[in-house]
Enquirer: 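Structure in structure tokens, see below.
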Amino acid sequence: MKFKPQKALLKDGREVLLRHVEVSDAQRVIDFVHGFVYDSEYVPLSEGEFNPTIAEEEQILSNYVERTNSLFLVAEIDGKLVANINVDGNQRKILRHTAVFGMGMHKEWQSCGLGTAILSAAIDWGRKNPELEILFLQVYADNEAGIALYRKMGFVEHGRIPNFFKQNGRYHDEISMHLSVK
């Protein structure tokens with residue numbers, strides 16, 4: 001299902017463009033992710049693990065463009081990518097009504113309403129998508145800001161796994177959350 005580009009107003013009055021990623025964005029997406037992935041304590045990747053080639057990233061983005069139950073949104077300000085959210089629709093027939101999502105943004109863009117704007121757009125898309133019924137996520141239990149955002153948007157906790165993430169010799173519990181979009 002297509003996503004119609006839209007603008008969102010942030011708390012500080014800046015306007016952000018939310019749009020579906022394009023395959024031609026591959027290098028920009030790689031550069032954007034490298035700008036936050038290793039600085040965030042709540043991204044389950046170790047230094048050096050995110051290394052797609054442009055061709056590999058183009059294939060990943062192509063899948064998001066082609067799959068009717070998947071979405072990859074980017075947020076742009078003045079042509080610069082500042083956030084993303086990917087809704088990865090399950091391709092198994094028995095699970096096709098479900099999608100897991102993840103989102104990311106640079107630290108300087110946190111706490112300005114951007115997370116709410118991009119997550120709200122993805123949820124709205126999910127509600128309009130005739131294939132999807134459930135959005136779900138996994139989050140570090142100590143990511144209080146993320147959990148607060150997800151709860152604000154209607155996600156409910158349905159489970160916890162102790163010591164699920166092991167990062168830099170430290171364990172973190174995982175919280176699973178879901179939202180019914182039908």
Enquirer: So which heavy atom on R160 is nearest to which on A141, and how close?
Expert: NH1-CB, 3.5 Å

Enquirer: Tell me, yes or no, whether the heavy-atom count around N163 atom CG, taken from other residues, nucleotides or ligands under 6.0 Å, exceeds 12.
Expert: yes

Enquirer: Is it the case that the side chain of D31 and the backbone of R28 share a donor-acceptor pair, with hydrogens and angles ignored and the cut-off at 3.5 Å?
Expert: no

Enquirer: Give a yes or no on whether a salt bridge exists between D12 and R14, defined as a side-chain N under 4.0 angstrom from a carboxylate O.
Expert: yes

Enquirer: For the pair V139 and Y42, evaluate side chain to side chain contact (heavy atoms under 4.5 Å, CB included) and give the outcome as yes or no after the intermediate values.
Expert: CA-CA 8 Å; V139 61; Y42 301 123; over 6 Å; no

Enquirer: Just do the side chain to side chain contact (heavy atoms under 4.5 Å, CB included) check on R96 and T68 with the steps written out, would you?
Expert: CA-CA 10 Å; R96 195 159 172 88; T68 56; 3.3 Å; yes

Enquirer: Let me check something: do L114 and L149 share a hydrophobic cluster, defined by ILVMFWY side-chain heavy atoms less than 4.5 Å apart, either directly or through other members?
Expert: yes

Enquirer: Only pairs at least two apart or in different chains count here, so list each side-chain hydrogen bond (donor to acceptor under 3.5 Å, both in side chains) that has a residue in residues 97-123.
Expert: T116-K152

Enquirer: Side chain to side chain donor-acceptor pair (under 3.5 Å) for N51 and E56? Distances and angles first, verdict last.
Expert: CA-CA 9 Å; N51 285 321; E56 290 168 338; over 6 Å; no

Enquirer: Do V37 and F32 land in one hydrophobic cluster if side-chain heavy atoms of ILVMFWY residues count as linked below 4.5 Å?
Expert: yes

Enquirer: Please determine, by modelled atom types, if N143 and E41 share a side-chain donor-acceptor pair under 3.5 angstrom.
Expert: no

Enquirer: Step by step, would you call R67 with D88 a side chain to side chain contact (heavy atoms under 4.5 Å, CB included)?
Expert: CA-CA 9 Å; R67 294 178 178 167; D88 195 2; 4.0 Å; yes

Enquirer: Check whether any side-chain heavy atom of D25 lies under 4.5 Å from a side-chain heavy atom of R19, and answer yes or no.
Expert: yes

Enquirer: With the 4.5 Å side-chain cut-off for hydrophobic clustering, are V87 and V23 part of the same group?
Expert: no

Enquirer: Do any pairs count as a salt bridge (Lys or Arg N to Asp or Glu O under 4.0 Å) and have a residue in residues 138-148, sequence neighbours left out, and if so which ones?
Expert: D142-R170

Enquirer: Examine L61 and I85 and state if one hydrophobic cluster contains both, with Ile, Leu, Val, Met, Phe, Trp and Tyr joined whenever side-chain heavy atoms are less than 4.5 Å apart.
Expert: no

Enquirer: Tell me whether I77 is reachable from L81 by hopping between hydrophobic residues (I, L, V, M, F, W, Y) whose side-chain heavy atoms are closer than 4.5 Å.
Expert: no

Enquirer: Please say whether more than 12 non-hydrogen atoms of neighbouring residues, nucleotides or ligands are located less than 6.0 Å from NZ in K7.
Expert: no

Enquirer: Would a 4.5 Å heavy-atom cut-off, applied to side chains only, mark M105 and V82 as touching?
Expert: no

Enquirer: Output the distance between atom NE2 (H158) and atom CZ (F136), rounded to the nearest 0.5 Å.
Expert: 8.0 Å

Enquirer: Would L135 and F155 count as a side chain to side chain contact (heavy atoms under 4.5 Å, CB included) if you check the C-alpha gap in whole Å, the side-chain angles of each, and the deciding distance to 0.1 Å?
Expert: CA-CA 9 Å; L135 299 179; F155 284 82; 4.2 Å; yes

